Amino acid sequence: MSLRLEHLNPEQLAAVTLPDEHALVLAGAGSGKTRVLTTRIAWLVKNGLVSPQAILAVTFTNKAAREMLTRVTAMLPVNPRGMWIGTFHGLANRLLRAHHREASLPQAFQILDSQDQLGAVKRLLKALNVDEDRFPPREVQQFINSQKEEGVRPGEAALADERARRLIELYTAYDEQCQREGVVDFAELLLRSYELFARNEILREHYASRFRHVLVDEFQDTNRLQYRWLKLLAARGACYFAVGDDDQSIYTFRGARPGNMADFEREFKVRKVIRLEQNYRSHGNILDAANALISNNRNRLGKNLWTASGAGEPLRVFEGQSDGDEARWIVEETRSLAREGTPLSRVAVLYRSNAQSRVIEHALFSQSVPYRVYGGLRFFERAEVKHALAYLRLVASPGDDNSFLRVVNFPARGIGARTIEQLQDAARARGVSLFEAAEGKAGAFRNLIEEMRAGTEGLPLKEIVEAVVAKSGLLEHYKAEREGADRVENLGELVNAAAAFSEEEREAESGEVVEPLTAFLTHAALEAGEHQAGEGQEALQLMTVHSAKGLEFDAVFLTGLEEGLFPHEQSVTERDGLEEERRLAYVAITRARERLYLSHAQTRMLHGQTRYNVPSRFLEELPEGLLKWLTPRFAGQRAREARFSAAQAWHAPRKKEPSFARSRDVGGFRVGQNVLHPKFGSGVIVDAEGQGTDARVQVNFGSQGVKWLAVAVAKLQAA
DNA sequence: TACTTTGTCCTTTTT
DNA sequence: GGACAAAGTA
């Protein structure tokens, strides 16, 4: 119940007790960021500087929001009811439910997750006879989302070329389809609530005078729309407290804009940027390695972490002959760690992409080492659960064509592709939903849904879900299936989840009174159910570097440190892609408290074929003095280079350089290098050919396009 | 209509 | 190696 301000360092204390003014806090990894944020909220309330209702605290993940709420509650004598603490999407949902009429939405609007959204796009493309080779559904989805995340509606989008024009048409049609069906995607939640405020002065005034303190976590991950949303929601006289770390920005590929931090500092005339640079997590050598690595990035606000704890052990580096070799080594090391007394649950194996987990899992499984994989399929994303949810959504909101199509013939009811096509034509002609247009066999399905609704009206949530799961035939279907036991169990879990979905959760997520079923469906969409079985068990933790952000472990294995994998080959062709990969490696390194293992393999199976990889440049960027090689340094690479040059002496190279070799200089430049051009600005070299005066490089200038340039002619300079 | 077989494509993903 | 969609078969 105490604030314990005496345990804060001077910078933390300054941030917590800052008077009424805007603040930007640059909080390095492990510097006590969450603590500062929560203590500040408690400090504001406790000193009577502000009432709980006037506080708005925004995070990105449900987990972070929960953690914040728990910590604040523990520090305050009163229940922090009335505070708005939540995710961007959770809060946007809350606003839209409360003001659904002003936002032109049905009260029971359904939320599309990414999977649902892709389904909706595919359906749209089919209906409009769009060639899916020319406009791949994923690309269209990506286009729509990136426009929305920039706050751009179809009418305002730039008509750069014919293709853009067509994409915008599809964007328009997609929005119309969603509106017709009463559904809203993730980006739309934000954009719609933003527009609600932009247009409705009364509402804007209401909220603007309510919120006096706005606190934002992980500010480097906000996109343009989220930043504008924040500015609009609490415009008048509120104090903004933004916490972030530009070095941990790893989501620009999804529209995150770390530049918002600099914009914030300028636009809000932040007087003093507070830097939290003391790290309480890692030993010195680990931190030195992280600092050395990240210093290779040019686009930084600048910050250097330090620690009062000792240097600790050197970083251990291992080179495997193969990915299997690497995996076996991990198994051995985790076992000896366990013998030395490090609990498995405090050890993590990190990798760049999910595909890498398979080999490691195989090795762990065969040696009976308990492990837990994070990410992957989450509870509410499982097929059988999605099916059950689709029935529930139809009960709550019959206009939801996505859900209709998902389950109209599941379990099979003899409604095939032709029947559905006819139904879609009929519905389109009449301008009604599939549900409304259903007749014949599909009409029987419609009756089934209507019976479900009539039969469950007014029942407690748990009983509604139970009845729908049974009546839909899903339970029966999976019981009859030989491998269906897990699925039957998950349907049971869904009923349990409904039973556990409490009054309070409902209020916390939706604010005003919303029908229990709608609230539950919202919960399922916004919180896909990360807390899975096996949590807290004594098991080794496996996850991608992305999902490790925000976590810490006694020992960390950072695996697959190879060119093409980490940094990922596709990142080289992206603008500033390499810097983001380096930040990713920085995040990975700073997860470790006491011991850090770095590993790479000479060969690796990828996409069903063997690839020969060169050690990652990130390994070479670490100071040699911090490393301890468990295998001879880059032995495999040296041997290969010797073979390669010997072979070259005898034969002319038959084809282009294989993917494992890092390109040599071409007229003083190399692939992956950042360059500056007087006209096109900054870019990155993605390909190169020729030598001497013939040397040409292909450069990606981002929005300026991708161009081939002759090195001898173009005024290129290294950036 | 419903199930099986073949050919394509691969990052990361808080919501 | 595995997910997904289109094409093939009963």
Side-chain angles (χ1 to χ4, degrees), chain A residues 58-66 86-93 111-119 122 126 132-133 136-138 141-142 145 148-149 184-190 217-218 220-223 225-226 248-256 323 350-359 362 374-378 380-381 383 409-420 441 509 522-528 530 543-551 560 564-574 577 580-581 583-585 587-588 604-610:
Chain A
V58 193
T59 66
F60 278 84
T61 68
N62 293 300
K63 199 172 156 196
R66 268 196 304 271
T87 63
F88 278 103
H89 293 86
L91 296 172
N93 170 67
I111 298 168
L112 301 183
D113 66 16
S114 319
Q115 216 181 100
D116 299 330
Q117 187 189 29
L118 184 62
K122 283 180 183 169
K126 280 217 176 74
E132 294 200 359
D133 289 332
R138 269 181 200 288
Q141 178 187 27
Q142 169 62 34
N145 287 340
K148 288 188 180 184
E149 279 159 9
V184 163
D185 60 50
F186 286 145
E188 183 74 22
L189 281 172
L190 285 163
D217 194 12
E218 306 278 18
Q220 77 282 355
D221 287 341
T222 51
N223 61 37
L225 177 59
Q226 283 160 338
Q248 293 190 70
S249 162
I250 55 174
Y251 285 108
T252 64
F253 74 96
R254 280 175 57 125
D323 46 357
L350 308 182
Y351 34 79
R352 172 70 243 264
S353 59
N354 281 308
Q356 288 166 251
S357 79
R358 230 196 66 254
V359 181
H362 179 78
Y374 283 76
L377 207 52
R378 295 187 287 186
F380 287 114
E381 290 168 0
N409 197 35
F410 195 94
R413 303 189 170 86
I415 301 171
R418 280 209 50 182
T419 317
I420 290 170
K441 276 186 184 167
E509 282 174 27
T522 300
H523 169 80
L526 289 183
E527 178 152 9
E530 190 41 75
M543 66 193 84
T544 63
V545 180
H546 280 93
S547 22
K549 184 164 158 219
L551 306 177
L565 201 64
F566 199 175
H568 197 275
E569 55 193 348
Q570 301 204 31
S571 72
V572 171
T573 57
E574 280 161 21
E580 178 139 319
E581 294 287 308
R583 290 193 293 269
L584 198 51
V587 167
R604 184 177 295 277
M605 280 290 273
L606 202 66
H607 309 323
Q609 50 186 328
T610 309

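A quick note: this is a predicted structure, and the numbers were derived from the prediction, not measured. In what follows, chains are A, B, ... by sequence order, proteins preceding strands, each numbered from 1.
- Using a 4.0 Å heavy-atom criterion, one finds that Ala64(A) contacts no nucleic acid atom at all.
- Gln570(A) has its CD atom 13 Å from the P atom of dC9(B), to the nearest Å.
- Listed for the Glu580(A) side chain is no donor-acceptor partner under 3.5 Å among the backbone atoms of Gly577(A).
- As a whole-Å value, the separation of His89(A) NE2 from dT14(B) C1' is 9 Å.
- Asn62(A) comes within 4.0 angstrom of the backbone, heavy atoms only, and of no base.
- Between Lys122(A) and Glu132(A) no salt bridge is recorded (no basic side-chain N to carboxylate O distance below 4.0 Å).
- Listed pair Arg378(A) / dT15(B) meets the phosphate criterion, a side-chain N or O lying under 4.0 Å from OP1 or OP2.
- Taking side-chain N and O atoms only, Asn354(A) has a distance below 4.0 Å to OP1 or OP2 of dT13(B).
- In this structure a side-chain-to-backbone donor-acceptor pair under 3.5 Å is present from Asn409(A) to Ile415(A).
- What separates CD of Gln115(A) from C1' of dC4(C) is a distance of 12 Å, to the nearest Å.
- Of the candidate nucleotides dT15(B), dT12(B), dA2(B), dT15(B) has the atom nearest to the side chain of Thr87(A).
- Using a distance-only test at 3.5 Å, with no hydrogens or angles considered, no donor-acceptor pair links the side chain of His568(A) to the main chain of Arg352(A).
- In this model, the phosphate group of dT15(B) is not approached by any side-chain N or O of Thr61(A) to a distance below 4.0 Å at OP1 or OP2.
- Glycosidic conformation of dT6(B): anti, with the torsion beyond 90° of 0.
- Side-chain atoms of Tyr251(A) lie closest to dT13(B) of the nucleotides dT12(B), dT15(B), dT13(B).
- OP1 or OP2 of dA2(B) lies within a sub-4.0 Å distance of a side-chain N or O belonging to Asn409(A).
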Enumerate the protein-to-nucleotides 5-7 of chain C contacts in which both atoms are nitrogen or oxygen and the separation is below 3.5 Å.
| from | atom 1 | to | atom 2 | distance (Å) |
| --- | --- | --- | --- | --- |
| dA5(C) | OP1 | Lys122(A) | NZ | 2.3 |

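- In this structure, Gly414(A) and Glu581(A) both approach DNA chain B, and ranking their closest nucleotides by distance from the 5' end singles out Gly414(A).
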Watson-Crick and G-U pairing of DNA chain B, under 3.5 Å, as dot-bracket with | and [ ]
||||||||||.....
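- One distance of note links NZ of Lys549(A) with CZ of Phe60(A); it measures 8.0 Å at 0.5 Å rounding.
- Rounded to whole Å, atom C1' of dT11(B) lies 8 Å from atom NE2 of His546(A).
- Between the CZ atom of Arg254(A) and the C1' atom of dT13(B) there is a distance of 5 Å, rounded to whole Å.
- Using a 4.0 Å heavy-atom distance criterion, Glu218(A) is classed as making no nucleic acid contact.
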Yes or no on side chain to side chain contact (heavy atoms under 4.5 Å, CB included) for Phe186(A) and Leu526(A), after CA distance, side-chain angles and deciding distance?
CA-CA 9 Å; Phe186(A) 286 145; Leu526(A) 289 183; 3.9 Å; yes
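- Taking every side-chain heavy atom of Arg418(A) into account, dT1(B) is the closest of dT1(B), dT14(B), dT15(B).
- Nearest heavy atoms, Val184(A) versus Leu189(A): CG1-N, 3.6 Å.
- Residue Lys148(A) contributes atom NZ, which lies 14 Å from atom C1' of dT15(B) at whole-angstrom precision.
- The aromatic rings of Phe253(A) and His546(A) stand perpendicular to each other, their planes meeting at an angle above 60°, with 30° marking the opposite boundary.
- By the stacking rule of 5.5 Å between ring centres and under 30° between planes, His568(A) does not stack on the base of dT12(B).
- Between Ile415(A) and Ile250(A), the residue whose closest nucleotide on DNA chain B is further toward the 5' end is Ile415(A).
- As judged by a 4.0 angstrom heavy-atom cut-off over every strand, Arg358(A) is placed among residues touching the sugar-phosphate backbone only.
- The main-chain N or O of Leu190(A) is never found under 3.5 Å from a side-chain atom of Gln226(A) such that the two would form a donor-acceptor pair.
- One interatomic measurement links the two molecules: NZ of Lys549(A) to P of dT11(B), which rounds to 21 Å at whole-angstrom precision.
- Atom C1' of nucleotide dT15(B) and atom CG of Asp185(A) are separated by 11 Å, given to the nearest angstrom.
- Salt-bridge formation is not detected for the pair Arg378(A)/Asp113(A): no Lys NZ or Arg NE/NH1/NH2 atom is positioned less than 4.0 Å from an Asp or Glu carboxylate oxygen.
- Listed for the Asn145(A) side chain is no donor-acceptor partner under 3.5 Å among the backbone atoms of Ala187(A).
- At least one side-chain nitrogen or oxygen of Thr419(A) sits closer than 4.0 Å to the OP1 or OP2 atom of dT1(B).
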